[in-house]
Amino acid sequence: MPAELIQTVQTPESNYDQLTIAEATLVQQDLKKYLNLNPYLGPIRTIAGADISLSLHSETVFAGIVILSFPDLQPVSYSLIKSSTTFPYAPGYLAFREIPALLKAYEQISDKPDVVMFDGNGILHARRMGIASHFGILTDTVTMGCAKKKLVGKYDEPGDEKGRYCSVIDRQEEIGFALRTKNNLKPVFISPGNNMSLQDSLEIAMKCISKHRLPEPTRRAHEYVNLFRTGELREGYHEVNDLRLF
DNA sequence: GCGACAG
DNA sequence: ATCTTGTCGC
């Protein structure tokens, strides 16, 4: 990586808050040089969901990563951390608001997941550098995005039945999919983050669909992070010892 | 200038 | 994202 970029991203928790939008754009353009969209060949034994929860009118950020077994999708461990941010929310720059906290949550995981799914996009982004791709490049991990709303591009509405999907196209380029995860409900938007292909992201997303609109990884991450914010779960890395299974 | 716009 | 109650549909 270029020295300038390394200096900027090496310790995001201390630098991202001070970046201007123009500087953030340059960081994204630099990071894109390291994007890898080749097929993922390794096994998937665990898949994690990453998300954050915010208090209204506050700089406090509750970040969480929940690791699920694969393909059974049962929570096996989770990492929660409280942090703060002053970087404003701006479409296309979500990573600069959420990544510092998510990096802390990721660091305290002792048994890292094989894949991480983000509540947001991978390459389904104007500069192909959504939060999943950004995080995947910084940590050299296998990541993908699952957004609840379209950020950029055009697509045909997929059929009403669960499992149907259509490509999302932006400037002649296929950058993701609109995937129907539940009958008659709005689709979610899937794209690869880093170290996997477009097809990988679609196949993995389909294997994570259960009875809800959101795939299990991000659905669980959202659930845990809210339990954390409301004080029902504690900060730190925890193994799930669910005796209810027996 | 107008419309679009992850969380 | 978050603040909120009931309500319509599978």
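A note on names: the letters A, B, ... follow the listed sequences, proteins ahead of strands, and every chain is numbered from 1.
- Within the 4.0 angstrom heavy-atom criterion, base atoms lie near A:Ile131.
- Listed nucleotides B:dG7, B:dA6, C:dA1 differ in distance to A:Asp51; the shortest reach to its side chain belongs to B:dG7.
- With respect to A:Arg97 and A:Glu59, no salt bridge is recorded, no charged nitrogen being found less than 4.0 Å from a carboxylate O.
- A salt bridge links A:Arg220 and A:Glu223; the closest N-O separation between the charged side-chain nitrogens and carboxylate oxygens is under 4.0 Å.
- For B:dA6, the OP1/OP2 oxygens have no side-chain nitrogen or oxygen of A:Tyr93 closer than 4.0 Å.
- Under the 30°/60° scheme for interplanar angles, the aromatic rings of A:Phe135 and A:Phe118 are found to be tilted.
- Residue A:Lys148 has a polar side-chain atom (N or O) positioned under 4.0 Å from OP1 or OP2 of B:dG7.
- Distance from the side chain of A:His222 is smallest for C:dT2 among the nucleotides C:dT2, B:dG7, C:dC10.
- Residue A:Ser53 places at least one side-chain N or O under 4.0 Å from the OP1 or OP2 atom of C:dT2.
- Out of C:dA1, B:dG7, C:dC10, the shortest distance to the side chain of A:Glu98 is found at B:dG7.
- Comment: A:Glu107 does not engage A:Lys104 in a salt bridge, judged by the lack of any side-chain N to carboxylate O separation of less than 4.0 angstrom.
- Here A:Arg229 reaches the OP1 or OP2 of C:dC3: one of its side-chain N or O atoms lies under 4.0 Å away.
- Nucleic acid contact class of A:Leu94 (heavy atoms, under 4.0 Å, all strands): base.
- Comparing A:Lys182 and A:Ile52 by the nucleotide of DNA chain C that holds the closest heavy atom to each, the one mapping nearer the 5' end is A:Ile52.
- Using a 4.0 Å cut-off, no side-chain N or O of A:Lys150 falls inside it from OP1 or OP2 of B:dA4.
- Contacts of A:His125 with the nucleic acid, taken as non-hydrogen atoms under 4.0 Å apart, include base atoms.
- Aromatic ring centroids of A:Tyr237 and A:Tyr78 lie 6.0 Å or more apart.
- The ring of A:Phe189 does not lie on top of the base of B:dA6; it is either too far (5.5 Å or more) or too tilted (30° or more).
- Using a 4.0 Å heavy-atom distance criterion, A:Gly145 is classed as making no nucleic acid contact.
- Counting any heavy atom pair closer than 4.0 Å across all strands shown, A:Asp119 reaches sugar-phosphate atoms only and no base atom.
- Contact check, A:Asn183 against C:dG9: no side-chain N or O comes under 4.0 Å of OP1 or OP2.
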